[in-house]
Trainee: 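Pasting a structure below so you can have a look.
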There are 2 protein chains.
Amino acid sequence: MTKIADSTVRRLSQYLRFLEEFESLGSETVSSEELAAKGGTTSAQVRKDLSFFGSFGKRGLGYDVPDLKAQLRDILGLKQSYNVVLVGAGKLGGALAQYGGFKDRGFNIVAIYDRDPRRVGERWNAIIVRKDSEIEADLSKSRIEIAIIATPADAAQEIADRLVGAGVRALLNFANVTLAVPDSITVKHVNMALELEALSYALRNRTTERR
Amino acid sequence: MTKIADSTVRRLSQYLRFLEEFESLGSETVSSEELAAKGGTTSAQVRKDLSFFGSFGKRGLGYDVPDLKAQLRDILGLKQSYNVVLVGAGKLGGALAQYGGFKDRGFNIVAIYDRDPRRVGERWNAIIVRKDSEIEADLSKSRIEIAIIATPADAAQEIADRLVGAGVRALLNFANVTLAVPDSITVKHVNMALELEALSYALRNRTTERR
DNA sequence: GGATGTGAATGTCTTCACAGCT
DNA sequence: AGCTGTGAAGACATTCACATCC
């Protein structure tokens with residue numbers, strides 16, 4: 001299999017969500033044009049994205065909604081569900097713990113850790129916050145592939161190292177630092193301040209820009 | 001000015017953060033190679049990114065840290081501060097309201113709105129949650145360019161329309177919907193579930209992939 | 001007829017490599 | 001000598017356009 005661009009994967013993920021919308025509206029079939037319109041892209045882009053993985057449509061007709069949905073879930077690895085641990089029980093951690101969008105997609109937060117003894121023992125949405133020092137022992141018992149880091153920036157690298165040491169293979173990092181991890185580990189970084197800075201740049205330069 | 005790629009702007013924003021780290025470590029000068037190492041990119045990339053905006057370095061020496069910092073802040077439009085409104089006072093809204101990373105960069109959350117009467121009147125970090133119906137009147141008094149949407153998905157488009165109607169020019173959207181806005185409006189979308197799906201894809205496909 | 005799937009063309013971004021300053 | 005700044009080359013991503021098939 002040839003390397004698929006990150007941008008392609010992200011669009012596939014969007015298409016999946018759009019398909020759910022089409023399904024709930026009762027559409028049985030959808031065209032690349034309709035999918036493109038929802039996502040602000042082009043029909044050629046949609047077809048090209050899908051073509052890396054196979055031929056899922058019927059010429060003259062479009063794509064069968066439930067079928068394409070299943071194919072995308074398969075491509076994205078969403079036929080299984082994932083147990084996920086969350087480190088950092090601050091405001092952001094709390095927001096993430098209760099966020100429905102994760103569960104809906106099969107990402108179950110099964111444990112929350114924090115370093116602060118005042119937070120340990122708190123109950124977040126049926127999960128009790130545990131001491132971060134338990135991470136190693138807990139993960140040695142149950143295989144966890146994905147962890148979410150929502151700690152302060154200065155703790156994030158240490159937590160990342162320990163999670164990786166405990167067998168985690170993918171990290172979603174909300175702390176505002178670039179994490180150094182082995183090549184075999186996948187990291188996605190959500191940097192909210194950076195998004196605002198990009199908005200600031202756009203505000204400043206829109207007049208002189210195209211598009 | 002020629003169109004600058006989004007990826008370039010995002011890297012500039014990172015360089016700025018790295019410069020602050022170098023400064024706090026006492027470095028007066030930094031090379032493109034050092035900046036690149038922090039961000040997992042290449043020195044050529046750093047120099048090319050900067051070259052779109054001018055020549056800020058000294059050959060044989062590198063870049064003066066405070067000087068480049070100032071230049072980047074100027075490029076990104078961060079010499080001014082921004083008043084920002086936040087719509088949605090749920091868990092995520094609360095987390096965003098207290099998040100220090102915004103203030104540090106000159107983004108001040110000056111008002112929070114919610115539709116739920118039970119939340120209206122709550123105090124978040126010295127700001128009292130206001131009824132969303134006040135948005136129009138409030139924004140007609142003070143010019144607000146940036147708004148953050150942290151509402152449930154089904155309310156986000158309506159809120160976006162109203163914010164844009166009230167003069168907002170840039171939106172940071174945390175709701176899991178693609179917002180339709182006029183071309184003149186800039187939107188950045190933070191989609192946390194999508195990031196997890198990208199991790200899922202990576203976990204599933206790493207063995208067959210390069211890099 | 002109508003929409004897909006896909007080579008080819010185009011456009012964009014990144015990397016190379018070296019001339020040019022300091 | 002050392003590191004920047006930058007055209008040119010290369011890699012990658014998107015768009016075009018049309019043959020193909022339902």
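Each chain gets a letter, A, B and so on, in the order the sequences are listed, and its residues count up from 1.
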Trainee: Whole Å only: how far is the NZ atom of B:Lys48 from the P atom of C:dC16?
Mentor: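 About 13 Å, once rounded to whole Å.
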
Trainee: Which nucleotide sits closest to the side chain of B:Thr42: D:dT4, D:dA17, C:dT15?
Mentor: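 Looking only at side-chain atoms, B:Thr42 lies closest to C:dT15.
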
Trainee: Residues of residues 59-68 of chain A with any non-hydrogen atom less than 4.0 angstrom from an atom of DNA chain C: list those, numerically ordered, please.
Mentor: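 Here the set is A:Arg59, A:Gly60, A:Leu61, A:Gly62, A:Tyr63.
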
Trainee: Please tell me which of the listed nucleotides, D:dG7, C:dT6, D:dG5, lies nearest to the side chain of A:Ser51?
Mentor: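 Side chain of A:Ser51 sits closest to C:dT6.
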
Trainee: From NZ of B:Lys3 over to P of C:dG11, roughly how many Å is that when rounded to an integer?
Mentor: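 Distance, rounded to whole Å: 16 Å.
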
Trainee: B:Gln45 and B:Thr42: side-chain donor and acceptor closer than 3.5 Å?
Mentor: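 Distance-only check fails for B:Gln45 and B:Thr42.
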
Trainee: Tell me the closest heavy-atom pair linking A:Ile109 and A:Leu96, and the distance in Å.
Mentor: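 Closest approach of A:Ile109 to A:Leu96: CD1-O, 3.7 Å.
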
Trainee: Examine the side chains of A:Asn191 and A:Glu195 and answer whether a donor and an acceptor come within less than 3.5 Å of each other.
Mentor: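 No donor-acceptor contact under 3.5 Å links the two side chains.
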
Trainee: Of the candidate nucleotides C:dC13, D:dC16, D:dT14, which contains the atom at the shortest distance from the side chain of A:Thr8?
Mentor: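 Selected nucleotide: D:dT14.
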
Trainee: Does B:Phe107 have its ring centroid less than 6.0 Å away from the ring centroid of B:Tyr82?
Mentor: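 Centroid distance B:Phe107-B:Tyr82: below 6.0 Å, so yes.
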
Trainee: Using whole Å, report how far CG of A:Leu50 lies from C1' of D:dT14.
Mentor: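 Rounding to the nearest Å, CG of A:Leu50 and C1' of D:dT14 are 15 Å apart.
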
Trainee: Please give me every residue in residues 9-38 of chain B whose heavy atoms get under 4.0 Å of an atom in DNA chain C, ordered by residue number.
Mentor: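 By residue number: B:Arg11.
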
Trainee: Quick one: are A:Asp6 and A:Lys188 in side-chain contact, heavy atoms under 4.5 Å?
Mentor: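 Of all side-chain heavy-atom pairs linking A:Lys188 with A:Asp6, at least one is under 4.5 Å.
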
Trainee: Kindly indicate whether a cation-pi arrangement holds for A:Lys38 with A:Phe22, taking the cut-offs as under 6.0 Å to the six-membered ring centre and within 45° of the axis.
Mentor: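 Cation-pi check for A:Lys38 and A:Phe22: passes.
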
Trainee: Starting at atom CZ of B:Arg47, determine the distance to atom P of D:dA8, rounded to an integer number of angstrom.
Mentor: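 Taking atom P of D:dA8 as the reference, CZ of B:Arg47 is at 17 Å.
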
Trainee: Nearest whole angstrom, please: distance from the P of C:dT12 to the CD of A:Gln45.
Mentor: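 Computing the A:Gln45:CD to C:dT12:P distance gives 14 Å.
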
Trainee: Between A:Ala5 and A:Lys58, which has a closest nucleotide on DNA chain D that is more 5'?
Mentor: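 Closest to the 5' end, via its nearest nucleotide, is A:Ala5.
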
